[in-house]
Amino acid sequence: GIFPETYIHLKEATVKDRGQHETVIPGELPLGQELTSTLREWAVIWHKLYVDNKTTQFRHVQQLTYSLIEWRSQILSGTLPKDELAELKKKVTAKIDYGNRILGLDLVVRDDNGNILDPDETSTISLFKAHETASKRIDERIQEEKVRQPIFNTTHTYSLYVNFKNFVCNIGEDAELLMSLYDPDLSKFISENYLVRWGSNGMPKEIEKLNNLQAVFTDLSSSDLIRPKISLVCQIVRVGHMELKDGKKHTCGLRRPFGVAVMDITDIIHGKLLPGDLAQVQKDFSHLVDRSTAVARKMGFPEIILPGDVRNDIYVTLIQGEFDKGKKKTPKNVEVTMSVHDEDGNLQEKAIHPGAGYEGVSEYKSVVYYQVKQPYWYETVKVSIAIEEVSRCHLRFTFRHRSSQESRDKSERAFGMAFVKLMNADGTTLQDGKHNLIIYKGDNKKMEDAKSYLTLPYTKVEMEEKETSSGKSLHHLANFTPNKDSTKDSFQIATLICSTKLTQNVDLLGLLNWRSNSQNIAHNLRKLMEVEGGEIVKFLQDTLDALFNIMMEMSENETYDFLVFDALVFIISLIGDIKFQHFNPVLETYIYKHFSATLAYVKLTKVLNCYVGNADDSSKTELLFAALKALKYLFRFIGIFVACMTAILRQMNDYHYNHYINTFKTRQDIIDFLMETFIMFKDLIGKNVYPSDWMVMNMMQSRVFLRAVNQFTSVLNRFFLDQTSFELQLWNNYFHLAVAFLTHESLQLETFSQAKRSKIIKKYGDMRKEIGFKIRDMWYNLGPHKIKFIPAMVGPILEVTLVPEPELRKATIPIFFDMMQCEYNFSGNRNFHMFENELITRLDQEVEGGRGDEQYKILLEKLLLEHCRKHKYLSASGEKFAWLVSSLLENLLDYRTIMHDESKENRMSCTVNVLNFYKEKKREDIYIRYLYKLRDLHTDCENFTEAAYTLLLHLNFLCDLSVVMNAFNCIFSLCSSSLTSLPSSYLEMWEKAIQLSKELADMYENKVFDYEGLSNVLKKRATFYENIMKAMRPQPEYFAVGYYGQGFPSFLRNKIFIYRGKEYERREDFNLKLLTQFPSAEKMTSTAPPGEEIKSSPKQYVQCFIVKPVMNLPPNYKDKPVPEQILNYYRANEVQQFTHSRPFRKGEKDPENEFATMWIERTTYTTAYSFPGILKWFEVRQISTISPLENAIETMELTNEKISNIVQQHVWDRSLPVHPLSMLLNGIVDPAVMGGYTNYEKAFFTEKYLQEHPEDQDKIELLKQLIALQMPLLAEGIRIHGEKLTEQLKPLHDRLTACFRELKKKVEKQYGVITLVRSREERTGNTNKCGNNMQREMLPAQLPKNSSEV
């Protein structure tokens, strides 16, 4: 056999449906089968995690897999006792379910014994309940694993860890160190204090804390991370005598201000925080944070408040006071003592917390300022009391003068008191902010008797309000006795409530306490919509509980159902707002963990149906719109309703459906029923009622819906198809429902693993094919009504055909031909333009969205061509359209593929290909969309010139004057930006900017009459002219690049492109960039055109060489002395032709005259468009090659033109430097060069050449004339050179004159004499600034026999 016998193990199995589709069912335990299939499915994902280098997840899956393999071995061994097997079964199923969840696989639903439920044998409601139970069980397991649910995978909370090392300061007394976070920009502390008590001996007061002083500042949110500055502030309070020099008889234990230390920790906050809340930090950083670590919370809420998080902190800040010195000569040394009491005056023990790290204290004593009339404390403490006690408690502040002398200090009594209640009379908590408290004076016993003062006003605002209402002054109450003068003392505090149970909003409080105030439920529900969003999200769970409790407990009043529904929609919309979107997970958690009103779906559904049914009521339009936006979460609350409906539909057979339809009394009733059903089904399909991993539930729903929809199609055919009873909107709704069903993500089998795909096909089949074939049949049933669905149904049918299922595509693509035929026959225009335009539009959208492939393109082309060629009238136009669509698809698929390519150049090429297609088809809307995509690509690459040229194309489609001017200004700025405003890779296009400025100026002057705008444009234009003449502009190189071989994509394959390089870009750098794009390409060393062998090779070959642009000078510049600065622009811009000269040997090498067989072949490349343009490269459309003789003629013509130009410039401007002229003349008349004529003589002026090329006789004569013509031009140049002679140039000039004399003698002897006649002005010396006088007259002179006249 193939395998050794020891490797073969026979397994018991049952074979069902023998043949091609047979199923092998192993005889092992079902759990063993599940383990095997699970491990196979996980193995694929495990491998992908390794390839993607996701190490953490890879290790996690590895551990899970090894556990399952071990347990599988134990189960298959068959040796486990029954009780151990049952226990192991629970562990295995829990591990499988947990692994499936973290890997994003489907939820497996089981019975109580862990066996997989068969949906065919289980009721729909039981199946739904099983899904809920399984999902909750896995959630709880994951919560145990990760402390937090995986739903909170984004860090919203951070913590700052502080390790206190030492405090070195020679105080000599005990000290308190209070550390907190501070925002210097807002001048505000943002955290509680971390308190360290330091002894006078230089060590902590509690010696056990030595080297263990650490704290963590928690609840920091992402908004804190972006604060511009954060400081860690340490306030140092000395605890001892009034003065350091005081002795034993002086008062001790006073808290005195000493100093402060500040550290900027902005960088730490921005990058070195511990992610997570306290529980997460304790778990992840247990080596830093343990139970002994002090916890200082943020004075405010974290970014997310989870359901179940309870906090009830009241922060009180002593701000300032002003105290009359009374009978004393100097201001008092005031100490404030703060305590918490209930309404009976009982002290709340340890309710005040000065700082984290220590237990609370019953009384808090402030810092004492020595002889200060208006002390400023800014000391913050936290008050923590039970929530139920808050309504009964108040804060009491007593004021006492502290003497430095101990004997006097003992006799001092409190001279005043103030208080503030924590809860207002309406039940709301004390408002955040500052409070100016009244200081009451009088009997000390009354100050300690709560019943004596709690009936009095505690703030000055409250006193003024009571005075206003009663008309009497109440200031005397401040002294407890009416006879004394009112006090001038004042005291100010600030409070901040951080509570998840206490609200400062009376409307929200009324809703939360609805049972005690049931007559105002409707009012409170309406007012909820006016409550500030931040307050609602703090109490999200309590608010939602209240809403559902009202709905369920007040069921006799339907008004509440609508108000609760509206309130729910308001809250869901609020959380959808970007400001509160991070509370989405909180709402999710509430639904999964805390929502218990299981019958709420009945009422919610009823209200929703009412709103939908009254959609035409303008008063309810806004409410309906808000409800539709919130459907995602509303359906989560009514998920059981969908299960109930599915259960009912599942039990219905053909008889039930027919009977139900027959119960409707009128045709309109049937229409209404079908309309509502189609809309509801489509909404349920689109909103994903169940989580995506509830595969069994989703497939069950799809199967039931499919059966129902197919039942309703017979009703459509029976009642609403003929000419008199046809219902367009009903059929339209059916088609859109069917397409939505077919394209739903849960049915796209290609996106699933092989294992999942096999399970679905085995159990449910491919439901897409069933409904797709039904769509096809229903379309063909329409008959003459089809034209009513064109072009509206083109897009939906396209979606169907794009589904990658071959049989479905073959069945539905012919509908396109039917649409073409239908429009051709019934539109009256004898064409199918509506269909064509709509298909092109939708194809563009669908392919860009990821649909469609090469197989679809081939099949679409094939089927359209087959049908069109058989048609009498559509054979020509239809075939043309088929090729057109195929071409479009090829471009779009290339574009989509290349959009994920790192090469932006390739992306630009594909974009231009698509652009050109839409330009040809006159699809302006899509064309402009791609224009701007191309613009964005250019700006990303800093190709600003090309970006401007791209925008210029849009101008052709603009009509509105203001829009045109805006576009002009945008392009104008791109073309004209200064040297410093854009990156160095930018080439300034001042010439183009000048052209645009002229058009802009015309608009400003003659159309919009904006003279200020005109003035600015003209000023800029003047700058452009100046820049052209003075600024240096580097010229780019141009490169020819050939892509040869079948390995390249179609838009590059076997084509040549001219590339415009960046300034200073060398060929080596360009080559490197080119080969980086195509790492597998082979660089060609020859510049010769490749043969067919290379072009047909499956490999990639790249050929690259420099080409020279051919200047295309505007007509108004020709034959004129144009300055070099102007000409330089045209040498590299506005060019469309490029040349490359390639030396080659023709014939055998002549050792005596090597040049005779060395030829120069020059190739001219003409591009599709001129440079610069919308790309930095264009395809070569035409290639022409000239012979060496023609090359020689052109070279001589260019040289003569160069001499003539420089001579004319010197005649025009005598101030020009003579050096360029010297160099030019020397390079021509030098004996080593001798004009290069010798080479031409050896190559062309021979009898042998004339015998071989008799057709070149005229060209040879022309070359001789050009050589002869060069002599008078050189003579004129040497004459001007002599006129500008300096002492240093005299030797050079003498040598030039001598060399020229020899050269001229030889040339005139061999090629004749040509004389240039000066114009009259030159002969008279009148050459000042007169361009027209620079024309030369070429007159014949005496020529030898072999000369010719010119």
Side-chain angles (χ1 to χ4, degrees), residues 1108 1110-1131 1139 1190-1230 1233-1237 1240 1261-1284 1293 1296-1297 1299-1301 1303-1304 1307-1308 1311-1323 1325-1341 1343 1347-1350:
K1108 297 295 180 187
V1110 177
M1111 184 167 66
N1112 182 26
L1113 205 61
N1116 56 316
Y1117 287 160
K1118 290 185 177 177
D1119 300 324
K1120 294 176 184 175
V1122 183
E1124 277 297 306
Q1125 296 95 320
I1126 298 175
L1127 293 177
N1128 277 338
Y1129 169 79
Y1130 294 99
R1131 290 195 172 101
T1139 62
E1190 291 168 329
N1191 187 34
I1193 291 170
E1194 284 194 14
T1195 302
M1196 284 302 302
E1197 286 175 338
L1198 287 173
T1199 305
N1200 289 352
E1201 186 179 351
K1202 193 171 184 180
I1203 300 169
S1204 177
N1205 283 340
I1206 199 168
V1207 166
Q1208 289 187 49
Q1209 287 172 10
H1210 277 276
V1211 171
W1212 175 261
D1213 187 353
R1214 294 288 179 174
S1215 64
L1216 288 175
V1218 75
H1219 181 69
L1221 179 61
S1222 303
M1223 295 292 289
L1224 178 64
L1225 295 173
N1226 189 51
I1228 296 174
V1229 304
D1230 188 281
V1233 179
M1234 292 294 287
Y1237 316 140
Y1240 298 152
E1261 291 303 318
L1262 176 59
L1263 180 58
K1264 290 179 179 179
Q1265 289 183 15
L1266 290 170
I1267 294 172
L1269 176 62
Q1270 199 171 84
M1271 294 307 102
L1273 294 174
L1274 287 171
E1276 187 69 5
I1278 290 174
R1279 181 186 69 78
I1280 292 173
H1281 192 268
E1283 292 176 357
K1284 293 192 169 188
H1293 183 73
L1296 287 175
T1297 305
C1299 291
F1300 174 65
R1301 194 179 299 116
L1303 179 64
K1304 181 181 178 186
V1307 169
E1308 289 183 346
Y1311 308 120
V1313 178
I1314 293 180
T1315 304
L1316 293 182
V1317 180
R1318 295 189 193 180
S1319 65
R1320 186 184 307 108
E1321 288 80 0
E1322 287 187 271
R1323 287 196 294 270
N1326 184 16
T1327 59
N1328 290 333
K1329 309 297 181 190
C1330 186
N1332 292 335
N1333 294 338
M1334 295 310 300
Q1335 301 291 333
R1336 292 290 194 277
E1337 299 177 30
M1338 297 180 59
L1339 301 179
L1343 301 176
S1347 67
S1348 58
E1349 296 183 3
V1350 178

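Residue numbers count from 1 along this sequence.
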query: Quick one: does Lys1284's side chain get under 4.5 Å of His1210's, heavy atoms only?
result: yes
message: Which heavy atom of Ala1268 sits nearest to which heavy atom of Gly1312, and what is that distance?
response: CB-O, 4.0 Å
task: Would you mind reporting whether His1219 and Met1223 have side-chain heavy atoms less than 4.5 Å apart?
output: yes
task: Give, for atom CG of Leu1269 and atom OG1 of Thr1199, the distance between the pair rounded to the nearest 0.5 Å.
output: 11.5 Å
message: Counting C-beta onward and ignoring hydrogens, is there a side-chain heavy-atom pair between Tyr1130 and Val1122 closer than 4.5 Å?
response: no
task: Starting at SG of Cys1299, measure out to CD1 of Ile1278 and round the result to the nearest 0.5 Å.
output: 9.0 Å
field: Side chain to side chain, Val1207 and Leu1273, heavy atoms closer than 4.5 Å
entry: no
message: Once rounded to the nearest 0.5 Å, what's the spacing between atom CD of Glu1194 and atom CG of Leu1266?
response: 11.0 Å
- prompt: With no hydrogens and no angle check, is any side-chain donor or acceptor of Ser1204 less than 3.5 Å from a backbone partner on Asn1200?
  reply: no
statement: Shortest non-hydrogen pair, Val1211 vs Ile1280, comes out as CG2-CD1, 3.7 Å
task: Could you tell me the separation between the CD1 atom of Ile1193 and the CG atom of Leu1262, rounded to the nearest 0.5 Å?
output: 5.0 Å
message: Between Val1307 and Gln1270, is there a side-chain heavy-atom distance shorter than 4.5 Å?
response: no
task: With rounding to the nearest 0.5 Å, note down the distance linking CD in Glu1261 to OH in Tyr1311.
output: 10.5 Å
- prompt: Is the His1293 ring parallel, tilted or perpendicular to the His1281 ring (thresholds 30°, 60°)?
  reply: parallel
query: What distance separates Glu1201 CD from Gln1208 CD, expressed to the nearest 0.5 Å?
result: 9.5 Å
task: Would you check if Arg1131 and Glu1124 make a side-chain contact, meaning some heavy-atom pair closer than 4.5 Å?
output: yes
- prompt: Would you call Met1271 and Ile1314 a side-chain contact if the rule is heavy atoms closer than 4.5 Å?
  reply: no
